[in-house]
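Encoded as structure tokens, the structure appears first; notes follow it.
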Amino acid sequence: MEGLEEKLRGLSIARRSRPEESTYLLDAALQPSGLLAVSCSNFTIHLHDKDSLSLVGEFRGHSGPLCGVTFAHASPDLLYSASADGTVRAWDVRRPGSAAAQMFKSDASHSFCSFDLSCGDALLCAGTEQVNDEDSFLVFWDARKPGGGLLGVYSESHSDDITQVRFHPRDKDRLASGSTDGLVNVFDLSRGEEEEALLATCNSDSSAGSVCWCGADFTQLLCLSHDEGLHLWDLSQLDTDEPLTIFSSPDARSLTPLADGAGVDYLVGGRWLEEAQRLLVVGGKNNGDLHLMGCDGGGLHLLRSLEGGHASTVRCFLWDAAGEALVTGGEDAQLLLWKPGGEELTAGKRDSMKSDSALRLKSRPHKKHGYQKGKKAT
């Protein structure tokens, strides 16, 4: 089987979407049967054909910034989104332009900045911004109830904006959450009450920006911080005396020198590529160039650089294993499809459409808190 390096080495631009209006592309989700959903900074969700990138529809309804999109696993015609407007919505992608098929709400004071759907499609979880400068909440619903059945909240484990929630890809009861309080918490929801459910607390020593389950059995967690720190933890060591930390760097930008001797300017995110059994981390330069890196106990290793695509900061990416293709979206309003041997129909790098949008990731000073429970990463 062709190795990951060979696949990445052959990537070039195959398709480039050209939107009519300037908007940041913030997150992307792939439907196995052929759709690509993209959340935008103008509060809309675009649906694209994953092979041609043609726009095939959109959804409107949210009144605040979106914090992600994801397709249901067993019913991939359902697309979920969450927003700072305090709602999680489910859309039927067979009816582009229609109103949300379901809506989930909690307290009126809750503004969501992260969410996810469990691997069994039964549970929805959303993380809130800090409420009244005091509390932040993990809110849970039964996704199978048409009325949006609110199950309850966890309120003690984080003390600032919950920037990421990620269900385990195989264990429907395992949940990881990250926050600007610097903590990444791991829960076993089958234990019920929050104090019993909290299995581990890992401290990133900075504002946690993204969390990714990874490793052969998804027993590892990758955390990227808002100030470009990188932390890789092994949760299989929870019941041992061994440290959880596999690798940690407070600033990972310079770990992989590029051709010019400098490092990347920022980290986009990480994804576990199950077929290749590799952890892929994507970093970028402010001019839009991308750098694909492998991540393991030795740190970051440059696999491939992609130039001439984007014109400014890239905000999201995903790997289509079936099509062996990379999809990227960014602040230049471009959606790009990179494939082996791809030949773009219209040559030339698109001029930047970057706007003065205020929807950049919030970067508030990190506050250190004393609350710790479970085994710490050392």
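FYI, the numbering just counts along the sequence from 1.
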Worked check of side chain to side chain donor-acceptor pair (under 3.5 Å) between Ser54 and His48: CA-CA 5 Å; Ser54 300; His48 297 263; over 6 Å; no
Any donor-acceptor N or O pair under 3.5 Å, side chains Asp332, Gln334: yes
salt_bridge(Lys7, Glu5) N-O dist < 4.0 Å: no
Any Arg191 side-chain heavy atom under 4.5 Å of Asp173 side chain: no
Plane angle bin for Tyr154 and Phe140 - parallel if under 30°, tilted between 30 and 60°, otherwise perpendicular: perpendicular
Mutual orientation of the aromatic rings belonging to Trp141 and Phe112 [parallel < 30°, tilted 30-60°, perpendicular > 60°]: perpendicular
Side-chain heavy atoms of Val38 within contact of Asp27, under 4.5 Å: no
Any side-chain heavy-atom pair of Arg89 and Phe104 under 4.5 Å: no
Polar side chain donor-acceptor pair, Ser157 to Glu194, under 3.5 angstrom: yes
Check: Trp91 ring centroid to Phe59 ring centroid under 6.0 Å: yes
Interatomic distance, Leu300 atom CG to Arg253 atom CZ [nearest 0.5 angstrom]: 13.0 Å
Inter- and intrachain pairs under salt bridge (Lys or Arg N to Asp or Glu O under 4.0 Å), touching residues 63-76, at least two apart: none
Neighbour count >12 (heavy atoms, 6.0 Å) for atom NZ, Lys339: no
Residue pair Asn185 / Thr201, side-chain donor-acceptor N/O under 3.5 Å: yes
Side chains of Ser204 and Ser225, donor plus acceptor under 3.5 Å: no
Thr256 side chain to His301 side chain, donor-acceptor N/O pair below 3.5 angstrom: no
Within 6.0 angstrom of Arg95 CZ, more than 12 heavy atoms from elsewhere: no
Short side-chain to backbone donor-acceptor contact, Ser83 and Thr87, under 3.5 Å: no
From His110 atom NE2 to Asp85 atom CG, the distance as rounded to the nearest 0.5 Å: 14.0 Å
Pairwise distance CG(Leu175) to CZ(Phe167) - rounded to 0.5 angstrom: 5.0 Å
Heavy-atom side-chain contact between Ile162 and Phe137 under 4.5 Å: no
Co-membership, hydrophobic cluster, residues Leu78 and Leu124, 4.5 Å side-chain: yes
Side-chain heavy-atom pair Ser114, Thr163 within 4.5 angstrom cut-off: no
Residue pair Gln31 / Ser33, side-chain donor-acceptor N/O under 3.5 Å: yes
Pair His231, Ser248: side-chain N/O donor-acceptor within cut-off below 3.5 Å: yes
